[in-house]
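Down below is the structure, laid out as structure tokens.
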Amino acid sequence: MAANRRTFTDVQGTVLSAHKESTTEDKMSFYDSWSELYEQDVMILDYRAPVLAAESLAAVIHENRDKVLVLDVACGTGLVAKQVVNCKQYYSSQYI
């Protein structure tokens, strides 16, 4: 199946398969193979966690925003960092 023709049901099946009981090696192999489609798949799912994370930061950081450094450490896609940068009205700082 072509990557650009994946449906919500396809992606849902992929996500559900990640939660099957398996070995560490199986999990590593799964995520390694899914990495090529991950960003596309989360868009299909309307994945909102990165937006919510950026909005949550903006809600609690009220002072010295020009001095704030944000380190996005998660699965390596940088989706949270992209959303923090998109919250320009909230921050005027450097992003890592």
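Treat the numbers as computed from the prediction; the structure is a model and nothing was measured.
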Checklist entry - Quick check: does any side chain N or O of Asp10 sit under 3.5 Å from a backbone N or O of Thr7, one acting as donor and the other as acceptor? => result yes

Checklist entry - Judged by atom type as modelled, is there a donor-acceptor pair below 3.5 Å linking the side chain of Ser33 to the main-chain atoms of Ser29? => result yes

Item to check | Path from Val15 to Met28 over hydrophobic side-chain contacts below 4.5 Å | outcome: no

Checklist entry - Just checking, is any N or O donor in the side chain of Thr23 or Asp26 under 3.5 Å from an acceptor N or O on the other one? => result yes

Checklist entry - In terms of hydrophobic clusters joined by side-chain contacts under 4.5 Å, are Leu52 and Val60 together? => result no

Next on the checklist: Once you measure the plane-to-plane angle for Tyr31 and Trp34, does it fall in the parallel (<30°), tilted (30-60°) or perpendicular (>60°) bin?
Outcome noted: tilted

Next on the checklist: I need the minimum non-hydrogen distance between Arg6 and Thr14, along with the two atoms involved.
Outcome noted: NH2-OG1, 2.9 Å

Checklist entry - Same cluster for Val11 and Met43 if Ile/Leu/Val/Met/Phe/Trp/Tyr side chains link at under 4.5 Å? => result no

Checklist entry - Would Val42 and Phe8 show up in the same hydrophobic cluster when neighbours are defined by side-chain heavy atoms closer than 4.5 Å? => result yes

Checklist entry - Sub-3.5 Å donor-acceptor pair from the side chain of Lys27 to the main-chain atoms of Ser22, do we have one? => result no

Checklist outcome for this item: d(Asp41 CG, Glu36 CD) to nearest 0.5 Å is 11.5 Å

Item to check | Partner residues of Lys82 under the salt bridge (Lys or Arg N to Asp or Glu O under 4.0 Å) criterion, sequence neighbours left out | outcome: Glu39

Checklist entry - Which heavy atom in Val80 sits nearest to a heavy atom in Ala53, and how many Å separate them? => result CG1-CB, 4.1 Å

Checklist entry - What about Tyr47 and Val51, same hydrophobic cluster or not, with Ile/Leu/Val/Met/Phe/Trp/Tyr joined at side-chain heavy-atom distances under 4.5 Å? => result no

